[in-house]
Structure formats: C-alpha cells, structure tokens
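Note sheet for the following structure.
When a ligand or atom number is given, it counts from 1 through the structure's own listing order. No experiment lies behind these values; they were computed from the predicted model shown. All residue numbers in this chain count up from 1 along the given sequence.
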Amino acid sequence: MNSFSFTTTKTLINEAGSLQALATHCQNLGIQRPLIVTDQGIVGAGLLGKLESVIEASPLKHAIYADVIADPPESIVHAALEVAKHHNADGVIGFGGGSSMDTAKLIALLANSDEQLSDIYGVDQVKGKRLPLILIPTTAGTGSEVTAVAIITTGETTKAGVVSPVLLPDVALLDAELTLGLPPHVTAATGIDAMVHAIEAYTSAHKKNPYSDMLAKEALRLMGDNIVTAVQDGSNLEARQNMLLGACMAGQAFANAPVAAVHALAYPLGGHFHIPHGLSNSLVLPHVLRFNASAAAALYAELCDVLLPGSNLNSDSEKTDALVQYLEDLIKTVGLPATLKEAGVTEESLETLASDAMLQQRLLINNPREVSESDALSIYQAAF
Ligand SMILES: NC(=O)c1ccc[n+]([C@@H]2O[C@H](COP(=O)([O-])OP(=O)(O)OC[C@H]3O[C@@H](n4cnc5c(N)ncnc54)[C@H](O)[C@@H]3O)[C@@H](O)[C@H]2O)c1
Ligand SMILES: [Fe+2]
C-alpha cells in the first residue's frame, strides 16, 4: 500500500434542521460579527431569510454579501472582501453551492491576512491564517465543504485554484431541509458531479488510499440509491439528506485522491460554453470511462458491484460495460442532455477544447490512462 495522508473538515454535522444550531456554532468558534456569503439564487429560494431568522434570534451582528455568481470571478472575491472589512467581520459563513462556499473560503483568509489573491493561486502558497469559517452546502455536489480548494474564474475561459489546508472550514453543516427546493436539473447535474468525484477518486493514479476508497464506495452507494428520487421527488427529505452526505463523502475522497480526465475534459466546456460544472462532467463521463477501461477495468468492476449489486456478471470488462451503461441510463433518467451537440457545443470547437484540456495537467496526471491531445479530441468526438 502507498504511504498517504488524509485531511478533512474537523466537524461535520449531518442532520436535517441543523441550520437551527448555527448561532451556537458561531459562538463556539468565538464569532460575533459573521459575514454571510451567498448568491441571489439562495435569496430567491427563501433560504437566506431562513438563515437570517436564526441569526436574528441570537446576539450575533451579521452582514451579508449575496452577489456571488456561478463560477465566481476575482471581482466577486474583491467585492465580498470589501463588505467583510467594512463590517469588521470576525468570521465567515459560506451558504450555497460551490460558488458561494469557495468565495467564503477566500474571504475568511483574505479578511485576516495581507495576502493578495493573485499571490496565492496554486498549491500551498497561502501563508496567513483565516477567520473562523462555517460552510453550509445547499447543493449535493461539489463537496467544497470538505475540500482544501477554492476555484476562481481568472479570465474569459480559464479557472485557477487556491489549494491550502487553511481553506478547510471549522464546521460543515449538512442540512437537507436547505436542498428541498433545489430545481431538478440542478439536483441532477450537481449529483452526477458528486458521483464523478467518487468514481475518479477510486481510480486516482497516485493518491488513492483505503480511506478515499471506502468513502468513494459508500458515496456511490448512497447517491446511486437516491439520486433519481431526489430529482423526481425533490421534497423527499431522506433522499436529500443521503445525497448531501454522499456528496460530502465523495468530496472527502477526492480531496485526498484527486479527480482526473473527466474533470480535465469538463473544464473547457464550462470555459467556452458556460455549461454548468456538473453537466460538463456528465457529458464526457461515459466516454472517458470507455477510454480508461483498458487501464482501469478492475477498479470499474468493483464500482459496478457497488452500483449494481448482484449483477451476476463475471469478467471485469463485462462489469465495466455495465457500469458505463448504468451511468448513461442514469444521465437520461435524470433528464440531462446526453450529447455535446444537445448542450450547445459546436463541432468546430472540438479541436480547441482538446487543446485546452491538455492545459489541465494537474488533473490529467491522476488519470489511470495517459491522455494525449488526439485522445482528448476522440473523446469529445464520441461525446458530440
Ligand atoms: N472547492 C471545490 O472543491 C470545488 C469542487 C468542484 C467545483 N467547485 C466549484 O464550485 C462551483 C459550482 O458549484 P455548484 O455546482 O454547487 O453550483 P453553484 O454554487 O454555482 O450554484 C448553482 C445554482 O444553484 C442555485 N442553488 C444552489 N442551492 C440552491 C437551493 N438549495 N435551492 C435553489 N437554488 C439553489 C444557486 O443560486 C446557483 O444559481 C464552480 O465554481 C466550481 O468550479 C469547487
Ligand atoms: Fe466536480
């Protein structure tokens, strides 16, 4: 077995209704003046009002930055930081999907240290300490509440990550009541993203380890059993809590055994066509797995046993085919477009996408099979 290290969020609360204890968690961390970082979708869904009523019943003095946008650019981080400084915030609450949580992570750091955002991109460039930080996911997707990463859009088509254990929050609250109103297409796309986190962690080339394996398998079991119910019957609290926990476990897995070619080929789709992160992953997922099969069939077979127990299949290659078929069927059942064409991607762009995917070496090195630019192009062509 490889040597490995494993890092995660110190305190996880997996409980429907746990938002009600938010003020207590703030007080336990010494927070008196929190900044809440969120977006207008959360405001529109009535969730910010719910959070504010919990805070207003306590002695906390809060301020709000509610203008995060999906795939947040640097300007959003700077604007939220101004609000944090103006309020003299002594703690940060990230409330929303990955976009709001990632922004909150950076504000907790930058409001407490003189570092500039432009100096901290990359791995372990952060020097300062952050303010106390609580993350509350409202999508069952990115797992940002347990990852040491914040992803920011840095140019027209480029993203960059700040990677540092400082960005792990003190507390993550997994409260499925907050996800009951998540629209079906967002539930589907963010749920498939989380399943990809588990699949790619399980085949991660260098850092896969017994903890990440255990979490990836249980994450897939939970999400495989619940994603269709969560999409088709959004008010099912049990399915929603299982999805939230599954996405969190998948986040713990990939935070320690990083994702690979599915994500590397998904990023250019988001960059060029503004396709949401989860849908981008879903569009290339079956095709990357087919490409990887020659190197990863034994591992895919183990995941087939998790998602399709009692399948009565014997060989690794039969089980890999069954896994890919299961995922293709699932993508259809949850109502996501199955081809790049349906998602608005143009055929002329495929070469540019393939060349951009090659820039994601940080991810591609984790893939079980080496991916060349012509391989990437073939995968996009198959997905078209
Ligand atoms: N930090 C990490 O480890 C990590 C990992 C993967 C992706 N990311 C980043 O996370 C971002 C994507 O996050 P996401 O997929 O969670 O989407 P998101 O945060 O961009 O949210 C998507 C939309 O869903 C809405 N929404 C969220 N929760 C809702 C709810 N409960 N009810 C109604 N509407 C709701 C939001 O308002 C928003 O409009 C990207 O920027 C991506 O790069 C980060
Ligand atoms: Fe992802």
Taking only heavy atoms of [X], which atoms of ligand 1 are found under 4.0 Å from at least one of them?
{"X": "Asp39", "answer": "36 (C), 37 (O), 38 (C)"}
{"X": "Thr147", "answer": "1 (N), 2 (C), 3 (O)"}
{"X": "Leu47", "answer": "30 (C), 31 (N)"}
{"X": "Ser99", "answer": "10 (O), 11 (C), 12 (C), 13 (O), 18 (P), 19 (O), 20 (O), 41 (O)"}
{"X": "Thr139", "answer": "16 (O), 27 (C), 28 (N)"}
{"X": "Lys105", "answer": "1 (N)"}
{"X": "Asp71", "answer": "40 (C), 41 (O)"}
{"X": "Gly41", "answer": "37 (O)"}

Nearest protein heavy atom to [atom], by residue and atom, and its distance?
{"atom": "atom 28 (N) of ligand 1", "value": "Thr138 OG1, 2.7 Å"}
{"atom": "atom 31 (N) of ligand 1", "value": "Leu178 O, 2.9 Å"}
{"atom": "atom 7 (C) of ligand 1", "value": "Thr142 CG2, 3.6 Å"}
{"atom": "atom 14 (P) of ligand 1", "value": "Gly98 N, 3.5 Å"}
{"atom": "atom 9 (C) of ligand 1", "value": "Asp102 OD2, 3.7 Å"}

Could you tell me which non-hydrogen atom of [X] sits nearest to which non-hydrogen atom of [Y], and how far apart they are?
{"X": "Arg33", "Y": "Asn88", "answer": "NE-O, 3.7 Å"}
{"X": "Ala230", "Y": "Met243", "answer": "CB-CG, 3.9 Å"}
{"X": "Val68", "Y": "Asp39", "answer": "O-CB, 3.0 Å"}
{"X": "Ala80", "Y": "Leu35", "answer": "O-CD2, 3.9 Å"}

Q) Do the ring planes of His263 and His277 sit parallel (below 30°), tilted (30 to 60°) or perpendicular (above 60°)? A) tilted
Side-chain heavy atoms of Ile42 within contact of Leu51, under 4.5 Å
no
Output field: ring centroids His87/His62 closer than 6.0 Å:
no
*Is Lys217 salt-bridged to Asp305, cutoff N-O under 4.0 Å?*
no
Glu82 with Lys85: basic N within carboxylate O range, under 4.0 Å:
no
Is at least one protein non-hydrogen atom found at under 4.0 angstrom from [atom]?
{"atom": "atom 39 (O) of ligand 1", "answer": "no"}
{"atom": "atom 23 (C) of ligand 1", "answer": "no"}
{"atom": "atom 11 (C) of ligand 1", "answer": "yes"}

Paired with Arg240, the side-chain hydrogen bond (donor to acceptor under 3.5 Å, both in side chains) test is passed by just one of Thr187, Asp175, Asp233, Asn226, namely Thr187
Checklist entry - Of all the heavy atoms in Pro72, does at least one lie under 4.0 Å from an atom in ligand 1? => result yes
For ligand 1, is there an atom lying under 4.0 Å from some heavy atom of Lys159?
yes
For this session: Answer with yes or no whether the side chains of Lys105 and Ser164 bring together a donor and an acceptor at under 3.5 Å.
Result: no
| message | Within the 3.5 Å criterion, strictly below it, is a donor on Asp71 or Thr153 matched to an acceptor on the partner's side chain? | response | no
The option among Thr190, Asp193, Leu182 carrying the non-hydrogen atom nearest to atom 32 (N) of ligand 1 is Leu182
NE2 (His277) to the Fe ion (ligand 2) to OD1 (Asp193), nearest 10°, is 90°
